[in-house]
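A short write-up of the structure that comes next.
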Amino acid sequence: MDWDKLRIFHAVADAGSLTHAGDKLNLSQSAVSRQVRALEERLNTTLFHRHARGLILTEQGELLFDATQAMSQRLEAASARIRDSEEEVFGELRVTTTVGLGTLFLAPRLTKLYEIYPNLNIDLMLEERVLDLPMREADVAIRMKEPSQADLIRKRLMTVQMRLYASQAYLEKHGTPSTIADIKDHRLICQNTSTPQVGSAALLVKKLMGNQPGSILSVNNYFGVLQAVVHDLGIGILPDYVVEDFPGLVPVLLEEDTSAVPVYLAYPEELRHSRRIAAFRDFVQSEIMEHRKHMKEMGKL
């Protein structure tokens, strides 16, 4: 089959529209339509159901789209490796991590990376869902658990402790709890146990809930929890790395310690020689070393 026709078919299937695919490919709608029809004639099958609101793949179209998707991903990976220069770091790097780690630790530090590599373009994808690296949904991942997917290179970066924090102003107004039973006199700020989150934090939330907090604010990510805590709303469950950038946070109920959470960096085996991956990996490791050094100086480690 003609790869050019397959490429156009893939763009149409991905966009769900001849017009949108044509815009992406810099082709007219009629040219795109002719190529799709020619491919359907070549295969002697119908690839799309056509209706007023767009195009929907037929069963045969779904089969072909799965094949072209895999081909596109492999070509993209090959192209990325070819573009990687031995002397320069440039182009797109798709990084996935959790909302909390991405907003509270990684994003504030990226200025240093761009100062070193101004031609690097990072697509930072923050979500709790674990993206499929071998299927190239992302190039590199930082996750708060060891990746289970096959054919990945993984590096353990650090461990994180989930702890309870409050602002000094909140504690001055409402008092400092001395035992977990005292949570009944305070507002708890946490993630709902039904949302994806760090397992040790979920266990701590359940334990605290069992002691009947006076009031509860649940947020679906740690950035929201942090904002509520620093604005004196209550006692929140947060990863311990936040105290470096927010030294005003006061740890409470330290005896309610949680298990250490490992943080891993991972990327596909086929990107082992990528200069962009190496630059990002080295940057993250350097920032974590600096973070740990600063935490020790603060007496937090």
Discussion item. Does either side chain, that of T19 or that of Q29, offer a donor lying less than 3.5 Å from an acceptor on the other one?
Written reply: yes

Item to complete: Mind telling me whether H10 and F65 have parallel, tilted or perpendicular rings, with 30° and 60° as the class edges?
Response: parallel

Worksheet item: When you check the gap from the basic side-chain N to the acidic O, do R187 and D232 get nearer than 4.0 Å?
Response: no

Fill in: N/O donor-acceptor pair under 3.5 Å between T58 side chain and T46 backbone
yes

Worksheet item: Is the number of heavy atoms from other residues, nucleotides or ligands under 6.0 Å of M289 CE greater than 12?
Response: no

Side-chain atoms of residues 173-180: list all donor-acceptor pairs with protein atoms under 3.5 Å, sequence neighbours left out, distances to 0.1 Å.
unit_1: S178; atom_1: OG; unit_2: D182; atom_2: OD2; d: 2.9
unit_1: T179; atom_1: OG1; unit_2: A181; atom_2: N; d: 3.4

Discussion item. Looking at K207, is its backbone amide N or carbonyl O close enough to the side chain of N211 to form a donor-acceptor pair, meaning the two atoms are under 3.5 Å apart?
Written reply: yes

Discussion item. Taking the side chain as everything from C-beta on, heavy atoms only, tell me whether Y264 gets closer than 4.5 Å to L157.
Written reply: no

Discussion item. For Y170 and H186, take the angle between the two ring planes, folded into 0 to 90°, and tell me which bin it lands in: parallel under 30, tilted 30 to 60, perpendicular over 60.
Written reply: tilted

Worksheet item: Who are the side chain to side chain contact (heavy atoms under 4.5 Å, CB included) partners of K24, not counting sequence neighbours?
Response: D14

Worksheet item: If every non-hydrogen atom of F223 is compared with every non-hydrogen atom of L104, which pair is closest and at what distance?
Response: CD1-CD2, 3.6 Å

Worksheet entry | Over 12 foreign heavy atoms within 6.0 Å of CD, E59 | no

Worksheet item: Any side-chain heavy atom of E92 within less than 4.5 Å of one from D123?
Response: yes

Practice prompt. Identify whether NZ of Lys or CZ of Arg in R281 sits under 6.0 Å from the centre of the six-membered ring of F283 and within 45° of that ring's axis.
Written response: no

Worksheet entry | Under 3.5 Å donor-acceptor, R50 side chain and F48 backbone | yes

Discussion item. Is it true that, when you exclude D4 itself, more than 12 heavy atoms of the residues, nucleotides or ligands shown sit nearer than 6.0 Å to its CG?
Written reply: yes

Discussion item. So, taking the atom named CG in D139 and the one named CD1 in I277, what distance separates them when rounded to the nearest 0.5 Å?
Written reply: 5.5 Å

Discussion item. Any non-hydrogen side-chain atom of R34 less than 4.5 Å from a side-chain atom of L39?
Written reply: no

Practice prompt. Could you tell me whether R154 atom CZ has more than 12 heavy atoms of other residues or ligands within 6.0 Å of it?
Written response: yes

Worksheet item: Are the charged groups of E290 and K112 less than 4.0 angstrom apart, N to O?
Response: no

